[in-house]
Amino acid sequence: MIARQIVTFAVVGVLNTAVYYGLYLLFLAWLPYLAAHVLAFALSMVGSFFLNARFTYRIRPTWRKFLLFPLTNAANFVITTVGVYVIVDVLHAGSRFAPLIASAAAIPITFVVSRWIMLPGASPRVAADEGP
């Protein structure tokens with residue numbers, strides 16, 4: 001079960017990243033890069049909630065989980081936002097690919113918190129507690 005969740009979470013994450021990045025590039029044409037990042041992040045998070053509820057955790061979406069779901073991305077948001085800033089303003093590497101690079105570090109944290117929110121009764125010790 002946990003292996004399927006991890007794989008599905010990764011697939012949803014790739015799709016969500018593609019949606020986020022497409023929105024980021026779209027908004028970047030009209031907004032400063034941090035505003036484009038925040039708006040694209042917020043919109044893609046809504047899609048991520050429904051995809052993870054349906055495919056990763058196979059649960060019925062509820063308002064409670066929807067309202068708690070942003071907590072799953074709080075660490076992701078902080079890590080990627082700081083990463084985008086560092087890549088663009090400190091390293092002067094450009095804003096086009098900065099979000100993709102910065103998001104990689106937040107993935108494991110996002111999965112653990114997401115699983116805790118979406119499956120409240122599940123053990124936080126993901127790998128050790130469950131077998132295939």
Could you check Leu15 against Leu51 for side-chain contact (heavy atoms from CB on, under 4.5 Å), going step by step and ending with a plain yes or no? CA-CA 9 Å; Leu15 180 60; Leu51 289 173; 3.7 Å; yes
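Smallest separation of non-hydrogen atoms from Leu23 and Ala40: CB-CB, 3.7 Å. Looking at every heavy atom in both residues, Ser95 comes nearest to Leu28 through OG-CD2, 4.0 Å. Smallest separation of non-hydrogen atoms from Ile117 and Phe69: CG2-N, 4.2 Å. Pairing each heavy atom of Ala35 with each of Leu31, the nearest pair is CB-CB, 4.1 Å. Contact record, Val88 with Ala98: CG2-CB, 3.8 Å, taken as the closest heavy-atom pair. A pairwise comparison of heavy atoms in Lys65 and Pro120 identifies CE-CD, 4.4 Å as the closest pair.
Phe27 and Val46 are members of different hydrophobic clusters when ILVMFWY side chains are connected at heavy-atom separations under 4.5 Å. Transitive grouping of hydrophobic side chains (ILVMFWY, heavy atoms separated by less than 4.5 Å) brings Phe97 and Leu34 into a common cluster. Using a 4.5 Å cut-off between side-chain heavy atoms of Ile, Leu, Val, Met, Phe, Trp and Tyr, with links allowed through other members, Ile59 and Trp63 fall into the same hydrophobic cluster. Transitive grouping of hydrophobic side chains (ILVMFWY, heavy atoms separated by less than 4.5 Å) keeps Met118 and Val11 in distinct clusters. Grouping the Ile, Leu, Val, Met, Phe, Trp and Tyr side chains by contacts below 4.5 angstrom, directly or via other members, places Val14 apart from Leu100.
In this structure, Arg96 places its CZ atom where only 12 or fewer heavy-atom neighbours from other residues, nucleotides or ligands lie under 6.0 Å away. The local environment of OH in Tyr21 is crowded, with over 12 non-hydrogen atoms from other residues, nucleotides or ligands closer than 6.0 Å.
Of the candidates Tyr20, Tyr24, Tyr85, Tyr20 is the only one forming a side chain to side chain donor-acceptor pair (under 3.5 Å) with His37.
Interatomic distance, CG of Asn16 versus CE of Met45, reported as 9.5 Å (0.5 Å rounding). Residue Ile2 holds its CD1 atom at 8.5 Å from CG of Leu119, rounded to the nearest 0.5 Å. Rounding to the nearest 0.5 angstrom, the gap separating the CD1 atom in Ile87 from the CD1 atom in Ile101 is 5.0 Å. For the atom pair CG of Leu39 and OG of Ser44, the computed distance is 9.5 Å after rounding to the nearest 0.5 Å. Residue Arg4 holds its CZ atom at 7.0 Å from OG1 of Thr56, rounded to the nearest 0.5 Å.
A donor and an acceptor atom, one from each side chain of Ser114 and Tyr57, are located under 3.5 Å apart.
Between Phe66 and Phe49, the angle of the ring planes goes over 60°, which puts this pair in the perpendicular group of the 30/60° scheme.
Using modelled atom types, no side-chain atom of Thr8 and backbone atom of Gln5 make a donor-acceptor pair closer than 3.5 Å.
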